[in-house]
Amino acid sequence: MNKQQIYYMLDHNGYNYFSVDHPAVFTIEEMENCNLPYMEYVAKNLFLRDDKKEHYYLVVMTHDKSADLKKLKDVIGSRKLSFASEVDLAIKLDLIKGSVTPLGILNDEDRSVEVIIDNDIMNNEKVGVHPNTNEASVWLSPMDMVKIIEDHGNKIKFIDIPKAG
């Protein structure tokens, strides 16, 4: 699904959201330089895989956190984790680097990617994610994001990720 299809899906299903177009961004720091509203709700998203390339994970956490992959593997019950390649990202979620988003799950036709959501995301009134392009951001409720993922059929696990530092 491209950006227009994401917006259509959100509208068609009655989701309440707010969106902003912006220059292409590849990091949280670049997003901060865009002076976007609701920056405090922007999610950091990581696309990971296990060392056998058998399991793929999309980790969604607050932007002020960083995931310790060694600890994360134990929490989610995985083998050794690493970042998935840009090729894997394109094949599994039809996304490019910098556009990783939980809404990319809608491109996961075989529903093989497990979504790992930091519990702190669920405590916020909004979550900001890309609509499958890094040239826009959309804010919606965390419960709506979870419903979209669940309705698509991907597994979700909620975990606690400690703040960086």
Side-chain angles (χ1 to χ4, degrees), residues 1 6 15 17 24-32 36 38-134 137-165:
M1 297 179 86
I6 292 289
Y15 290 110
Y17 70 96
V25 291
F26 295 89
T27 65
I28 293 293
E29 293 76 24
E30 289 178 13
M31 286 190 75
E32 288 171 342
L36 297 174
Y38 311 118
M39 191 60 208
E40 66 272 24
Y41 300 119
V42 169
K44 183 187 291 186
N45 304 284
L46 308 176
F47 189 54
L48 307 174
R49 65 163 177 82
D50 70 10
D51 60 350
K52 297 255 187 200
K53 291 189 175 185
E54 292 175 352
H55 298 95
Y56 288 81
Y57 305 94
L58 178 65
V59 179
V60 184
M61 64 183 134
T62 60
H63 69 14
D64 59 346
K65 295 186 178 185
S66 63
D68 179 328
L69 298 188
K70 289 180 184 176
K71 290 179 184 174
L72 186 59
K73 93 172 176 56
D74 294 333
V75 173
I76 66 173
S78 174
R79 295 177 54 85
K80 182 179 177 187
L81 293 172
S82 64
F83 289 92
S85 70
E86 291 181 45
V87 171
D88 287 341
L89 179 60
I91 291 169
K92 292 283 187 182
L93 300 179
D94 194 24
L95 298 174
I96 62 166
K97 181 180 176 183
S99 297
V100 178
T101 173
L103 298 177
I105 287 301
L106 298 173
N107 293 331
D108 179 20
E109 293 179 11
D110 59 3
R111 288 135 179 94
S112 63
V113 176
E114 184 174 351
V115 181
I116 309 297
I117 300 176
D118 176 28
N119 283 319
D120 283 344
I121 289 284
M122 301 308 296
N123 294 329
N124 289 335
E125 65 182 72
K126 295 178 182 48
V127 60
V129 297
H130 292 310
N132 290 357
T133 174
N134 63 348
S137 294
V138 62
W139 288 263
L140 66 162
S141 80
M143 289 307 301
D144 285 347
M145 177 187 72
V146 168
K147 182 171 178 8
I148 290 166
I149 297 165
E150 286 176 340
D151 287 351
H152 189 258
N154 289 76
K155 286 177 56 177
I156 301 176
K157 187 177 286 185
F158 298 92
I159 65 168
D160 290 315
I161 298 175
K163 286 195 177 181

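In this text the structure is predicted, and so the values were computed from the model without any measurement. The first residue of the sequence shown is numbered 1, and numbering continues consecutively from there.
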- request: Test side-chain contact (heavy atoms from CB on, under 4.5 Å) on Met145 and Ile149 and set out the steps.
  value: CA-CA 6 Å; Met145 177 187 72; Ile149 297 165; 4.1 Å; yes
- prompt: Side chains of Ile159 and Leu72: closer than 4.5 Å at any heavy-atom pair?
  reply: yes
field: Value rounded to 0.5 Å, distance of CG in Asp50 from OH in Tyr56
entry: 8.0 Å
query: How about Glu54: does its CD atom have over 12 heavy atoms from other parts shown lying under 6.0 Å from it?
result: yes
query: Is any side-chain heavy atom of Val146 closer than 4.5 Å to a side-chain heavy atom of Val115?
result: no
- prompt: Taking atom NZ of Lys65 and atom CG of Asp118, what is their separation to the nearest 0.5 Å?
  reply: 3.5 Å
message: Just verifying a value: how many Å separate Lys44 NZ and Ile28 CD1, rounded to the nearest 0.5 Å?
response: 6.5 Å
- prompt: Any side-chain heavy-atom pair from Glu86 and Ile96 closer than 4.5 angstrom?
  reply: no
Spatial distance of atom CG (Leu46) from atom CG (Leu81) [nearest 0.5 Å]: 10.5 Å
query: Is the shortest heavy-atom distance from the side chain of Asn45 to the side chain of Pro102 under 4.5 Å?
result: yes
Nearest heavy-atom neighbours spanning Glu30 and Ala24: OE1-O, 4.1 Å
statement: Heavy-atom closest pair (Gly128 atom, Trp139 atom, distance to 0.1 Å) is CA-CD1, 3.4 Å
query: Tell me, do Ile156 and Phe158 make a side-chain contact under 4.5 Å, heavy atoms counted?
result: yes
task: Taking atom NZ of Lys80 as the centre, report whether more than 12 heavy atoms of other residues, nucleotides or ligands fall under 6.0 Å from it.
output: no
message: Is the shortest side-chain heavy-atom distance between Ile116 and Leu48 below 4.5 Å?
response: no
- prompt: When rounded to the nearest 0.5 angstrom, what is the spacing between CD in Glu114 and CG in Leu58?
  reply: 10.5 Å
field: Check: Val113 main-chain N/O paired with Asp108 side-chain donor or acceptor under 3.5 Å
entry: yes
message: Can you tell me if His63 has over 12 outside heavy atoms packed within less than 6.0 Å of its NE2?
response: yes
field: Val42 and Ser137: CA distance, side-chain angles, deciding distance, side-chain contact (heavy atoms from CB on, under 4.5 Å) verdict
entry: CA-CA 9 Å; Val42 169; Ser137 294; 5.7 Å; no
field: Taking every non-hydrogen atom, the tightest pair across Ser112 and Lys92
entry: OG-NZ, 3.1 Å
- prompt: Taking all non-hydrogen atoms of both residues, which atom of Leu140 and which atom of Val129 are closest, and how far apart?
  reply: CD2-CG2, 4.2 Å
task: Look up atom CG in Leu95 and atom CG in Asp88, then write down how far apart they are to the nearest 0.5 Å.
output: 12.5 Å
message: Give me the atom names and distance for the closest heavy-atom approach of Ala84 to Arg49.
response: CA-CG, 4.1 Å
- request: Kindly give the heavy-atom pair with the smallest separation between Leu36 and Met31, and that separation in Å.
  value: CD1-CE, 3.6 Å
message: Could you walk me through whether Ile121 and Thr62 satisfy the side-chain contact (heavy atoms from CB on, under 4.5 Å) test, starting with their C-alpha distance in whole Å, then the side-chain angles of each, then the deciding distance to 0.1 Å, before giving a yes or no?
response: CA-CA 6 Å; Ile121 289 284; Thr62 60; 4.0 Å; yes
- prompt: Looking only at atom types and distance, does a side-chain atom of Asn134 sit under 3.5 Å from a main-chain N or O of Val25, one as donor and one as acceptor?
  reply: yes
message: side-chain contact (heavy atoms from CB on, under 4.5 Å), that's the test. Do Thr101 and Val138 meet it? Break it down for me.
response: CA-CA 10 Å; Thr101 173; Val138 62; over 6 Å; no
